[in-house]
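Have a look at the structure below, then the notes.
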Amino acid sequence: MYSSSLVKLFTILLLISNALSAESIKFGLGSCLDQDYPQPIWTSIDEENLNYFVFLGDNVYGDLPNGSLTKMKYAYKKQNSILPEFLDQMEVFPIWDDHDYGINDGGAEYKLKKDAKKMFLDFWKIPKNDIRHKREGIYFSDEKIFYDKKFKLIFLDTRYFRSELIKENDTYIKNEDGTILGRDQWNWFSMELKDDFDFLIVFSSIQILAEDHRFEKWSNFPNERNKLLDYLQKYKGKVLLVSGDRHRGGIYKKNNLIEITASSLNKPGSYDFESDKYLVGKTFPEENYGTIEISKTSTKVNLKNMSGELLNSITINH
């Protein structure tokens, strides 16, 4: 008899082979998935016939105000019994945000982050020889060849190294001297960009382009955000940014940079009006998920509601 892990590997290889002969490659995107809430959105996601799925953070809600990880253990156990089986038939990429990191809006100061990291890597069955087990944080990269083009995928850790947030009157304000990625992750990021590739996708749990709301975002650390955007400007028209966290979905554009925020899978946010100088259209404070459809000539980004209906879309031509 073949082991279950070997059967899963064969299945993934077959799916990849089939995908490479298809008209498009499709990634699913989602964040903010509470294990104690119903998850009907998976029905529509299953019908997308995805090749990959990216969990963008808050993949469980296991944090407690005192930072204890006792709820996290329960959260992972319950989520494991709920996640749909079709995810086992594709490659899944996870990053974390605060609620699966261990403390609300937490950063480098969180005392149990190493324990939380181990729980995260174990839950997602990250192989023991993976670099994420050997270094601080959970950032990583991957490369895929689609239609004779190399796609560079960079998955950032916006929690493990992040400086403390500064709050005034229930609003996060700018921390001019703080960091999001930390020295080691920045050094790694700059080295990753030295590789040759045709298209770059950067995954961040928190929003990169948005500026105008009062919650967590890269612009709370303006020097870090400017540094990131400076790195990315050289890839004009060949880069896509992806984020979660907000409990409302949207598409943003700043010059030639495009970002999709896919949030939340089953925990919609406030229906208060929200806009932004870089927002394309409007935000969608309802259950939603995203897709990235890669073809020979373009990368199409879609945001869809719980029924699979299109909310917003934008296309990047290769």
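Values in this document were obtained by computation on a predicted structure and should not be read as measured data. These values consider heavy atoms only, across backbone and side chains, with no hydrogens, waters or symmetry-generated copies.
- Rounded to the nearest 0.5 angstrom, Lys149 NZ and Phe199 CZ are separated by 9.5 Å.
- Under 3.5 Å, the side chains of Thr171 and Asn169 contain no donor-acceptor pair of N or O atoms.
- Salt-bridge annotation for Glu48 and Lys304: present, with a side-chain N of the basic residue lying under 4.0 Å from a carboxylate O of the acidic one.
- The pair Glu211-Lys174 does not count as a salt bridge, with every side-chain nitrogen at least 4.0 angstrom from each carboxylate oxygen.
- Proximity of Ser313 to Asn302: side-chain heavy atoms (C-beta onward) are separated by under 4.5 Å at one or more points.
- Note on Ile180: it clusters hydrophobically with Leu229, by side-chain heavy-atom contacts below 4.5 Å among ILVMFWY residues.
- Put simply, Ile316 and Leu311 are part of the same group of oily side chains (I, L, V, M, F, W, Y) that touch within less than 4.5 Å, one to the next.
- With no hydrogens or angles considered, no side-chain donor-acceptor pair links Thr283 and Glu274 at under 3.5 Å.
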Tyr101 and Tyr110: ring-ring contact (aromatic ring centres under 6.0 Å, His included), yes or no, with the steps?
CA-CA 9 Å; Tyr101 178 60; Tyr110 179 47; 5.3 Å; yes
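- Between Leu181 and Asp157, every side-chain heavy-atom pair lies at or beyond the 4.5 Å cut-off.
- Looking at Lys238 and Asp198, no side-chain N of the basic residue comes within less than 4.0 Å of a carboxylate O on the acidic one, giving no salt bridge.
- A donor and an acceptor atom, one from each side chain of Thr70 and Ser68, are located under 3.5 Å apart.
- In the model, Ser263 has no side-chain atom that pairs as donor or acceptor with a side-chain atom of Arg246 under 3.5 Å.
- At a threshold of 4.0 Å, the pair Lys78-Asp36 counts as salt-bridged, since one of the basic side-chain nitrogens sits closer than that to a carboxylate oxygen.
- Counted by atom type alone, Thr179 and Ser163 present zero donor-acceptor pairs between their side chains at under 3.5 Å.
- A donor-acceptor pair shorter than 3.5 Å cannot be found between the side chains of Trp96 and Ser205.
- For Arg159 and Glu216, the salt-bridge test passes: some basic side-chain N is under 4.0 Å from an acidic carboxylate O.
- Grouping the Ile, Leu, Val, Met, Phe, Trp and Tyr side chains by contacts below 4.5 angstrom, directly or via other members, places Val202 with Ile314.
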Let me see the working for Phe53 and Phe55 under ring-ring contact (aromatic ring centres under 6.0 Å, His included), right down to the final yes or no.
CA-CA 7 Å; Phe53 194 87; Phe55 284 91; 4.8 Å; yes
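- The one candidate from Asn256, Ile201, Leu232 that meets the side-chain contact (heavy atoms from CB on, under 4.5 Å) condition with Val239 is Leu232.
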Test ring-ring contact (aromatic ring centres under 6.0 Å, His included) applied to Phe189 and Tyr231, step by step:
CA-CA 10 Å; Phe189 181 76; Tyr231 270 122; 5.6 Å; yes
Could you walk me through whether Thr297 and Asn317 pass the side chain to side chain contact (heavy atoms under 4.5 Å, CB included) check?
CA-CA 6 Å; Thr297 59; Asn317 294 317; 5.8 Å; no
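- With hydrophobic clusters built from ILVMFWY side chains whose heavy atoms lie under 4.5 angstrom apart, Phe215 does not share a cluster with Leu156.
- Remark: Lys167 qualifies as a cation-pi partner of Tyr172 under the 6.0 Å distance and 45° angle criteria applied to the six-membered ring.
- For the residue pair Gln207/Tyr252, the side-chain donor-acceptor check at 3.5 Å is satisfied.
- You'll find the side chain of Leu240 stays beyond 4.5 Å of the side chain of Leu257, heavy atoms only.
- The minimum heavy-atom distance between Ile103 and Leu64, with the atom names listed, is CG1-O, 4.2 Å.
- Using a cut-off of 4.0 Å between Lys/Arg side-chain N and Asp/Glu carboxylate O, Asp122 and Lys117 are scored as not salt-bridged.
- With a 6.0 Å cutoff to the six-membered ring centre and a 45° limit on the axis angle, Lys113 counts as a cation-pi contact of Tyr160.
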Yes or no on side chain to side chain contact (heavy atoms under 4.5 Å, CB included) for Trp188 and Ser141, after CA distance, side-chain angles and deciding distance?
CA-CA 10 Å; Trp188 167 84; Ser141 68; 3.8 Å; yes
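- A 4.5 Å side-chain heavy-atom check between Leu228 and Trp186 finds at least one atom pair inside the cut-off.
- Side-chain atoms of Asn59 and Asp100 include a donor-acceptor pair closer than 3.5 Å.
- By the 4.0 Å N-to-carboxylate-O rule, Lys71 lies too far from Asp63 to be salt-bridged with it.
- A cation-pi geometry, defined here as NZ or CZ lying under 6.0 Å from the six-membered ring centre and within 45° of its normal, holds between Lys267 and Tyr61.
- By the 30° and 60° cut-offs, the orientation of the rings of Trp42 relative to Phe86 is perpendicular.
- Looking only at side-chain heavy atoms (C-beta outward), Phe273 and Ser275 come within less than 4.5 Å of each other.
- Ring planes of Phe27 and Phe146: perpendicular class, angle over 60° (limits at 30 and 60°).
- A donor atom on one side chain and an acceptor atom on the other are not found under 3.5 Å apart for Glu287 and Gln39.
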Any chance you could lay out the side-chain hydrogen bond (donor to acceptor under 3.5 Å, both in side chains) test for Ser243 and Thr261, step after step, and finish with the verdict?
CA-CA 5 Å; Ser243 59; Thr261 298; 2.8 Å; yes
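- Side-chain atoms of Lys77 and Asn80 form no donor-acceptor pair, as typed in the model, at a separation below 3.5 Å.
- Ring pair Phe203/Phe93: centre-to-centre distance not below 6.0 Å.
- Considering only heavy atoms from C-beta on, Asp170 comes within 4.5 Å of Arg214 through its side chain.
- Tracing side-chain contacts under 4.5 Å through hydrophobic residues (I, L, V, M, F, W, Y), one never reaches Tyr289 starting from Tyr37; they form parts of separate clusters.
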